[in-house]
Amino acid sequence: MSFFVIPITALLASILTFFSGFGLGTILLPVFTIYYDATIAVALTAIVHFFNNAFKIGLVYKNINWKIILQFGIPSLIAAVIGAFVLKSLSNKTIILFSYYLEFSESTYQITLFNLLIGILIILFSLYEVIPYFKNLSFSKNKLTVGGLLSGFFGGLSGHQGALRSAFLIRLNLSKESFIATGTAIACIVDIARISVYAITFNMNEVKNNASIILLAVSAAFLGAYIGNKLLKKTTLDFIKWFVTIFMIIIALLMILGILS
């Protein structure tokens, strides 16, 4: 089932990313957690996210604002490394906060600190995408370095970087093309930083063992990016956003409760 669900999700999420502001990682991570341990799910999502952004850069690279890359992207890179090491540190320590038994499933479940943290982040950044107050939130231009650090840290920790990045870049009055291209380039920088840390700290056999599903997801995301760039006009797609948001919150709650590991 994962060989069907994950690529389809990657395809749809990649289309949405290009013209509605949805983050590929925000949508894809909860789906990966259905089939994989949360730590591995973050790493696999990062790989798909990076290759998709690299492909998008090939489509929009001419509009990258390199000054913003220096102001925002470099702090993001540094903070992403820190966030990735924090992720590894948390995943190494299985801190059980609570255990409980469900009679109907005849199973014992554990609420761990790591899954609680990742689950809460998924919920927060899912709501960020649909609640008007957060969607319209922006920060002053002189906060770019702070924005880069915050966005990069959460990017390294859980992959949730797009929402914060957009909140800081939106005040720069960039053209639509430059906004997309510059944001994509910064996302790539963060992905390179965190994947480098994951590669030296995680058991990468899990990545090798799942190379086929990664290839399918990356290919589907490429197709989604191409469709989004060539065929679709900007639209809010409020119904789809809320549907996906509710799905992600359900998955996050199952993670928090220990039903999904």
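Numbers here are sequence positions counted from 1.
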Does the side chain of Ile8 come within less than 4.5 Å of Leu12's, by heavy atoms? yes
Give a yes or no on whether the backbone of Asn53 and the side-chain of Thr184 come within a donor-acceptor separation of less than 3.5 Å. no
Below 4.5 Å, heavy atoms only, C-beta onward: do Leu144 and Leu172 meet side chain to side chain? yes
Within-4.5 Å side-chain heavy-atom neighbours: Ile6 and Val48: no
Can you get from Leu29 to Val197 by hopping between Ile, Leu, Val, Met, Phe, Trp and Tyr side chains that sit under 4.5 Å apart? no
Please name the pair of heavy atoms, one in Val190 and one in Ser76, separated by the smallest distance, quoted to 0.1 Å. CG2-CB, 3.7 Å
Distance from Ile256 atom CD1 to Ile120 atom CD1, nearest 0.5 Å? 5.5 Å
Indicate the atoms forming the closest heavy-atom contact of Cys188 with Ala54, along with that distance. SG-N, 3.5 Å
Compare all side-chain heavy atoms of Arg194 with those of Phe50 and state whether any distance is below 4.5 angstrom. no
Test side-chain contact (heavy atoms from CB on, under 4.5 Å) on Thr33 and Ile118; report intermediate values, then the result. CA-CA 10 Å; Thr33 60; Ile118 299 300; 5.6 Å; no
Does Phe4 CZ have over 12 foreign heavy atoms under 6.0 Å away? no
For Leu59 and Ala225, work out which heavy atoms get closest and say how close. CD1-O, 4.3 Å
Which heavy atom of Thr182 sits nearest a heavy atom of Ile69, and at what distance? O-CD1, 3.9 Å
Rounded distance [0.5 Å steps], NZ in Lys88 versus CD1 in Ile200: 10.5 Å
Any heavy-atom pair between the side chains of Leu11 and Pro7 that's under 4.5 Å? no
Applying side-chain contact (heavy atoms from CB on, under 4.5 Å) to Ile214 and Leu44, what does each step give before you reach the verdict? CA-CA 7 Å; Ile214 293 173; Leu44 296 178; 3.5 Å; yes
Does atom CZ of Phe55 have more than 12 heavy-atom neighbours, drawn from other residues, nucleotides or ligands, at distances under 6.0 Å? yes
Walk me through it: do Ile27 and Thr9 pass the test side-chain contact (heavy atoms from CB on, under 4.5 Å)? CA-CA 8 Å; Ile27 299 173; Thr9 302; 3.9 Å; yes
Report the relative orientation of the aromatic rings in Phe32 and Tyr36; use parallel for angles under 30°, tilted for 30 to 60°, perpendicular for over 60°. tilted
Give me the atom names and distance for the closest heavy-atom approach of Leu121 to Ser158. CD1-OG, 3.5 Å
Spatial distance of atom CG (Asn65) from atom CD (Glu177) [nearest 0.5 Å]: 13.0 Å
Between OH of Tyr109 and CG of Leu254, what distance do you get to the nearest 0.5 Å? 10.0 Å
Under 4.5 Å between side-chain heavy atoms, hopping through other hydrophobics if needed: is there a path connecting Leu223 to Leu215? no
Within one Ile-Leu-Val-Met-Phe-Trp-Tyr cluster: Phe179 and Trp66, side-chain cutoff 4.5 Å: yes
Rounded at 0.5 Å granularity, tell me how far CD1 in Ile259 sits from CD in Gln110. 13.0 Å
Stepwise side-chain contact (heavy atoms from CB on, under 4.5 Å) test for Ile213 and Tyr35: CA-CA 11 Å; Ile213 193 69; Tyr35 303 101; over 6 Å; no
Tell me the closest heavy-atom pair linking Ile123 and Ala252, and the distance in Å. CG1-CB, 3.5 Å
Are Tyr101 and Phe98 co-members of a hydrophobic cluster defined by side-chain heavy atoms under 4.5 Å apart? no
Looking at Tyr198 and Ile40, would you say the former's side chain and the latter's main chain have a donor-acceptor pair under 3.5 Å? no
Give, for atom CG of Leu77 and atom CD1 of Ile82, the distance between the pair rounded to the nearest 0.5 Å. 10.5 Å
Starting from Val60, can I reach Phe222 by hopping between I/L/V/M/F/W/Y residues whose side chains sit under 4.5 Å apart? yes
Any side-chain heavy-atom pair of Leu90 and Leu117 under 4.5 Å: yes
Could you check whether atom OH of Tyr100 has more than 12 heavy atoms from other residues, nucleotides or ligands sitting under 6.0 Å from it? yes
Taking the side chain as C-beta and beyond, is there a heavy-atom pair between Val81 and Phe85 under 4.5 Å? yes
A side-chain contact here means heavy atoms from C-beta on lying under 4.5 Å apart; do Phe114 and Leu87 qualify? yes
